[in-house]
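Notes to accompany the following structure.
Counting from 1, the numbers follow the sequence of the chain as shown.
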Amino acid sequence: MTITRFAPSPTGYLHIGNLRAALFNYLIARKAGGTFILRLDDTDKERSRPEYADGIQQDLEWLGLTWDRIERQSDRLERYAAAADTLRGTGRLYECFETPTELDLKRKTQRNMGKPPVYDRSALNLTDAERTALRASREGYWRFLLDQERIEWNDGILGPQSIDAASLSDPVLIRADGQVLYTHASVVDDIDMGITHVVRGMDHVTNTAVQAQIMRALGAQPPEFAHHSMLTGPDGEGLSKRLGALSLRDLRAAGVEPMAILSLMARLGSSNPVQAEIDIAALRDGFEPTHFSAAPTRFDPADLTPLSAKVLHRLSVDDVAEDLDKAGVPKELQASFWAAVGPNLTQRAEIVKWWTICRDGAASKAEGDEAALWPQAMNILPDFPYDEHSWSAWTGRVAAATGRKGKALFHPLRRLATGEDKGPDMKHFMPLLQKPISR
């Protein structure tokens with residue numbers, strides 16, 4: 001069975017950047033009829049917060065990315081300790097004592113000598129007595145002993161990958177304060193949970209090489225890996241400084257449709273065109289990691305606005321029934337109201353505005369020559385209640401009486417009836433008015 005996971009740290013809210021990993025892993029699992037796991041990487045006690053964990057789940061639910069089960073790394077600390085003992089027993093995990101200052105000095109010396117700043121493994125040369133003496137003055141931390149060989153895998157997006165482990169420092173798996181780091185916890189989880197596919201950003205490529213070795217050291221085979229490109233801004237700039245404004249909860253508050261976000265993220269950077277879909281199934285069926293490019297992918301938040309409107313225009317009255325109910329649109333009018341108003345909306349919040357106009361009438365203030373036209377138009381207004389012929393009858397009468405046509409005819413009458421410069425087709429909107437047009 002295909003099993004994927006999304007493993008965010010609950011140290012902040014989800015943003016458009018880390019959504020790609022969630023969506024890709026979700027689509028792979030759903031397309032294969034497999035399992036999608038939400039795994040909260042909450043081993044950092046100082047930075048992990050319950051409100052962020054709750055926020056991550058709320059954002060995923062809003063998007064419709066439901067998980068089959070949830071796991072919390074904070075519940076699995078004993079398992080990580082047992083795996084660390086296994087690695088110690090085979091000589092693959094060794095204790096180190098250098099301080100950050102000492103490590104920084106070593107790296108500077110290596111650079112000055114024209115060497116790569118890779119950990120020199122001096123801790124392996126310590127005697128038992130030296131280790132005992134060091135433990136008396138400082139806490140030790142633990143590194144994984146890499147086999148200094150070339151690590152290769154066929155990446156689902158990037159293609160064949162090869163990294164020389166000799167160019168890497170032995171990774172720290174457990175800090176001096178005992179905190180298990182991402183590299184170790186993620187490997188143990190992926191093994192225990194039977195993860196078959198891992199899709200994540202290109203910034204994890206080196207992690208993949210290291211984790212593949214750790215997995216094999218623990219007697220497991222690595223899953224299939226794919227690394228998607230990183231998002232940039234519309235001008236190619238990094239998104240890191242802008243991610244606060246691109247959090248999913250902020251996009252939700254701005255009225256962006258969740259399927260607009262998914263429609264864009266499921267196709268952006270691929271050979272498939274972006275289309276406004278209203279069902280995740282359409283994204284699932286057409287999803288292929290191999291269709292994505294390794295080149296940086298430009299993301300412009302402005303693209304979400306027209307895409308969100310297109311999604312909204314495709315929704316049926318049943319899809320927005322809850323919004324219509326909240327706005328107070330009577331059940332018997334909802335179908336005709338949505339048929340008239342829906343194709344012109346840019347976000348759901350506008351439903352309230354247009355129903356308020358229907359229910360209460362427009363607050364219109366004449367501009368320019370409207371002050372002379374409106375009284376004349378009111379005198380030849382069709383009788384209330386209005387029907388589908390009222391608009392054409394009214395505009396025909398005004399045209400005959402004034403000689404107006406085109407925008408000079410329709411625009412001022414629209415403003416008189418709705419108070420707005422643009423909006424729904426008046427043929428269908430005018431019959432929805434619950435009160436006679438008045439000034």
Side-chain angles (χ1 to χ4, degrees), residues 4-15 17-19 21-22 25 36-61 65 67-88 92-104 119 123 134-144 169-193 195 198 200-201 203-204 206-208 210-211 214-215 217-218 240 243-244 247-250:
T4 67
R5 47 73 165 180
F6 174 53
S9 297
T11 55
Y13 295 115
L14 289 185
H15 52 71
N18 54 24
L19 169 62
N25 284 287
F36 176 64
I37 299 173
L38 173 60
R39 194 170 77 206
L40 297 175
D41 181 359
D42 59 352
T43 57
D44 188 338
K45 296 180 180 179
E46 293 182 3
R47 299 176 60 223
S48 296
R49 290 162 55 179
E51 58 266 35
Y52 290 140
D54 292 342
I56 288 169
Q57 295 173 68
Q58 291 165 5
D59 288 339
L60 292 176
E61 288 173 340
L65 303 184
W67 52 91
D68 297 297
R69 77 176 197 258
I70 187 170
E71 300 279 357
R72 291 176 173 81
Q73 291 189 331
S74 57
D75 295 335
R76 293 174 46 78
L77 299 181
E78 292 183 1
R79 178 68 188 96
Y80 305 142
D85 287 341
T86 297
L87 293 174
R88 289 189 189 96
R92 300 301 295 273
L93 197 63
Y94 64 98
E95 193 173 13
C96 304
F97 298 92
E98 292 91 349
T99 65
T101 300
E102 291 169 345
L103 290 172
D104 185 55
Y119 180 62
L134 285 167
R135 290 188 188 112
S137 61
R138 63 182 71 174
E139 296 290 336
Y141 60 94
W142 297 83
R143 289 182 184 268
F144 177 75
S169 290
D170 291 339
V172 176
L173 301 191
I174 302 175
R175 292 196 329 191
D177 61 2
Q179 181 182 331
V180 176
L181 296 184
Y182 162 82
T183 302
H184 182 57
S186 181
V187 163
V188 175
D189 287 345
D190 286 346
I191 293 172
D192 290 356
M193 297 173 192
I195 302 301
V198 174
R200 53 192 180 183
D203 52 336
H204 284 282
T206 300
N207 284 340
T208 293
V210 169
Q211 289 175 337
I214 300 173
M215 286 180 174
L218 289 169
S240 58
L243 286 178
S247 71
L248 296 185
R249 58 188 44 236
D250 287 340

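When only modelled atom types and interatomic distance are considered, Arg72 and Thr43 share no side-chain donor-acceptor pair under 3.5 Å. If you check the side chains of Asp250 and Ser247, you find a donor sitting under 3.5 Å from an acceptor.
Evaluation of the side-chain hydrogen bond (donor to acceptor under 3.5 Å, both in side chains) rule for Ser74 yields Asp42 as partners, not counting sequence neighbours. Partners of Arg200 according to the salt bridge (charged side-chain N to carboxylate O under 4.0 Å, His left out) rule, which considers only residues two or more places apart in sequence or in another chain, do not exist here.
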Requested in this report: Verify side chain to side chain contact (heavy atoms under 4.5 Å, CB included) between Gln57 and Leu38, making sure each step is shown before the conclusion.
Outcome: CA-CA 9 Å; Gln57 295 173 68; Leu38 173 60; 3.8 Å; yes
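In this structure, Tyr13 has its ring center under 6.0 Å from that of Tyr52.
Distance alone, capped at 3.5 Å, places no donor-acceptor pair between the Arg5 side chain and the Phe36 backbone. In terms of modelled atom types and a separation under 3.5 Å, the side chain of Ser186 and the main chain of Thr183 share no donor-acceptor contact.
Residues Val180 and His184 share a closest heavy-atom pair of CG1-CD2, 3.6 Å.
No more than 12 heavy atoms of other residues, nucleotides or ligands sit less than 6.0 Å from atom CD of Glu78.
Ring pair His204/Tyr182 is tilted by interplanar angle, where 30° to 60° counts as tilted.
Shown are Arg143, Arg135, Arg88; of these, the side chain to side chain donor-acceptor pair (under 3.5 Å) with Glu95 is made only by Arg135.
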